[in-house]
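One structure is given here, and the rest of the page talks about it.
Basis for what follows: all heavy atoms, side chains included, without hydrogens, waters or symmetry-related copies. Both ligands and their constituent atoms are indexed starting at 1 by order of listing.
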Amino acid sequence: MGKCDDVEQRIQSLCDEINQHNQNYYQYDAPQIPDSDYDELLRELQALEFQCPDLIDRESPTQRVGSAPLDSFEQVEHQVPMLSLDNAFSDEEFEAFNKRVTDKLGLADDIEYLVEPKLDGLAISLMYENGVLVRAATRGDGRSGENVTENVKTIGSIPLRLKGEFFPERIEVRGEVFMPLAGFDQLNMNAEVSGEKPFVNPRNAAAGSLRQLDSKITATRPLAFYAYGIGVLEGWILPSTQKELFECLDNWGFPVCDQLTVVTDMKNCHLAYETLANKRSLLPYEIDGVVYKVNDYSLQNELGFVSRAPRWAIARKFPAQEKMTKVNGIDVQVGRTGAITPVARLEPVFVGGVTVTNVTLHNEDEMRRKDVRVGDTVIVRRAGDVIPEIVSVVMEKRVKNTVMFSFPEQCPACGSTVERSEGEAIARCPAGLFCSAQVKESIKHFSSRKAMDVDGLGDKIVEQLVASDLVKTPADLYGLTKEELSGLERMADKSANNLLEALNDSKATTLTKFLYALGIREVGEVTAGSLARFFGSLEALQLASVEDLEKVPDVGPIVAQHVIAFFELEHNCEVINDLRERGVNWSDTCIEPQGVQVLSDKIFVLTGALSAMTRDQAKAELQALGAKVTGSVSKKTDYLVAGEDSGSKLKKALSLGVTVLAEQDLLELLEKPKG
Ligand code: 5U1
């Protein structure tokens with residue numbers, strides 16, 4: 001036997017040994033050797049592979065370190081669409097789901113469900129051919145996702161090769177990539193030490209890590225995986241239950257969550273939910289609910305699917321999370337329009353998936369009602385993507401000598417006397433652009449993504465630019481020089497150049513964006529779009545009377561007054577002229593109001609994720625046809641467009657009898673706008 005044969009054998013035995021340790025560590029959470037011994041085995045393997053590069057196997061454990069960075073991710077089609085899950089937010093909704101299931105199956109008795117925790121990570125598809133991982137893809141829009149194979153190969157718990165001999169010829173295993181809490185905390189601690197921005201929550205950290213073009217970066221991130229299902233399956237017969245599939249996945253070397261249970265009646269369905277809800281804070285990863293799946297595959301097949309979700313599964317979501325924390329201070333902020341808002345500074349608290357440090361107390365009346373004081377212990381609530389709020393003060397924990405917060409009479413930024421109009425909840429600083437806080441906020445708004453979209457002009461830079469008097473109006477942004485920018489704190493030459501380029505790029509805009517960027521009171525994106533479409537040019541808008549303005553869909557007397565007042569101020573017109581002189585431009589060819597405004601008096605609400613376009617794009621297209629797109633469902637809503645994962649808005653629309661459109665209906669409407 002030659003030297004290379006010896007090496008080949010040793011490499012093979014090291015690969016097997018290391019793979020077994022990987023499995024003990026990741027799949028069974030039961031490491032059998034200390035980390036230092038494991039590292040030694042890996043180093044020996046690396047050294048042998050270095051000596052004999054021809055013997056490096058694609059699935060060798062050394063190949064998990066990442067490869068050359070990509071320019072972009074390739075799109076891959078999912079042969080079997082990756083569905084999402086319908087949600088239930090209460091016992092009643094879950095029971096209604098169960099009734100739909102049993103009715104459709106024509107069964108009088110309870111049926112068996114497999115119950116799993118719903119991990120808060122991101123869905124992934126892993127394709128194995130003849131036992132070898134050949135492709136990994138994100139869910140994307142369910143029909144196609146991004147090819148993230150190189151990144152996924154760096155995740156230690158995902159088998160590169162299936163264990164055993166009896167596996168399908170071709171199998172697509174699906175599951176969740178997530179970041180365990182301990183790894184997340186460590187990652188953020190490292191970020192803090194190196195002055196980088198921490199991740200908001202483990203899910204964002206997992207998504208950010210998986211979507212790195214440089215897989216060597218992914219390799220440094222503590223990602224984990226749990227398998228929960230399959231897509232493509234060839235050359236194998238499916239077992240009869242979901243539970244048995246999990247056993248197969250486990251045998252092939254996939255990590256499977258150890259919190260799975262099979263329940264046979266409603267009482268135990270609820271109990272399984274309660275048990276996981278109680279365990280939630282003790283689990284080493286984040287979960288946001290419980291998934292119920294009909295256990296029997298033949299029943300699953302009978303039930304089938306509705307549009308984008310199976311009829312045989314549902315996610316029962318946990319309610320909004322509440323946590324206690326302390327109020328370290330109360331500040332008042334001055335907004336773009338002078339609104340004075342009290343903000344509680346909190347002892348950081350992790351609630352509903354994010355670390356909350358600041359919570360708005362809205363206005364003076366709300367402050368008095370809640371009577372939040374510095375030093376108080378408060379209950380903070382955050383549900384889904386909703387802004388966190390203080391639910392109440394824990395009075396039993398109030399310490400002596402705390403004082404009620406007194407709302408300021410002077411603007412904290414410029415000292416002007418604060419005004420509060422009768423019947424208005426909001427107090428304001430009346431100094432407008434003579435108040436530095438309002439200037440800062442106006443510039444931030446002007447450059448924001450939905451306005452002029454100046455990439456790289458962050459809040460910190462705006463604050464420095466205003467504080468150093470380099471920028472007093474939005475027009476000053478376009479006169480900044482490289483020297484001026486390079487003189488700012490933490491602004492390297494390259495960043496200064498990039499910012500100048502971004503400013504230059506932002507000059508070509510649309511009338512809608514420009515009007516929105518001006519920050520006229522009560523003129524949000526929707527109204528800016530309506531004004532742009534109705535008047536077609538800035539000049540026409542500037543000459544409009546209150547009566548003209550009130551003819552615009554979406555504009556009432558108050559908005560009309562704000563628009564008139566804005567253009568009456570000479571300063572504002574000067575800024576607009578300066579902006580145009582500095583090159584800000586847009587094409588004035590707006591859609592004629594009457595001709596194609598087929599949806600002109602229709603009110604739409606968009607909810608859930610769309611797959612063919614973003615919600616912003618759908619909104620813009622609907623607006624281009626004259627529709628008004630609002631954020632909440634009411635009796636006035638004509639249509640709710642319900643994308644994937646539609647929740648409370650869909651429920652409300654159904655209860656109010658609002659017409660619900662699926663994405664396909666929307667696409668048809670946009671292509672054949674007959675009204
Ligand atoms: N735990 C778990 N999460 N999850 C997500 N199981 C599970 N199953 C899913 C999804 C989207 O989908 C299948 C039921 C289709």
Polar pairs, ligand 1 vs protein, N/O only, below 3.5 Å.
{"residue": "ligand 1", "atom": "1 (N)", "partner": "E116", "partner atom": "OE1", "Å": "2.7"}
{"residue": "ligand 1", "atom": "1 (N)", "partner": "P117", "partner atom": "O", "Å": "3.1"}
{"residue": "ligand 1", "atom": "6 (N)", "partner": "E116", "partner atom": "OE1", "Å": "3.0"}
{"residue": "ligand 1", "atom": "6 (N)", "partner": "K293", "partner atom": "NZ", "Å": "3.1"}
{"residue": "ligand 1", "atom": "8 (N)", "partner": "K293", "partner atom": "NZ", "Å": "3.2"}

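- Between Y226 and Y285, the ring center distance clears the sub-6.0 Å criterion.
- Between E116 and K293, at least one side-chain nitrogen of the basic residue sits less than 4.0 Å from a carboxylate oxygen of the acidic one, meeting the salt-bridge criterion.
- Scanning for side-chain hydrogen bond (donor to acceptor under 3.5 Å, both in side chains) contacts around D110 gives an empty result, with sequence neighbours left out.
- For the 3.5 Å distance criterion, the side chains of E172 and S125 qualify, holding a donor opposite an acceptor.
- R615 is linked by a side-chain hydrogen bond (donor to acceptor under 3.5 Å, both in side chains) to nothing, counting only residues two or more places apart in sequence or in another chain.
- The salt bridge (Lys or Arg N to Asp or Glu O under 4.0 Å) analysis of residues 204-226, with sequence neighbours excluded, yields the pairs E146-R211.
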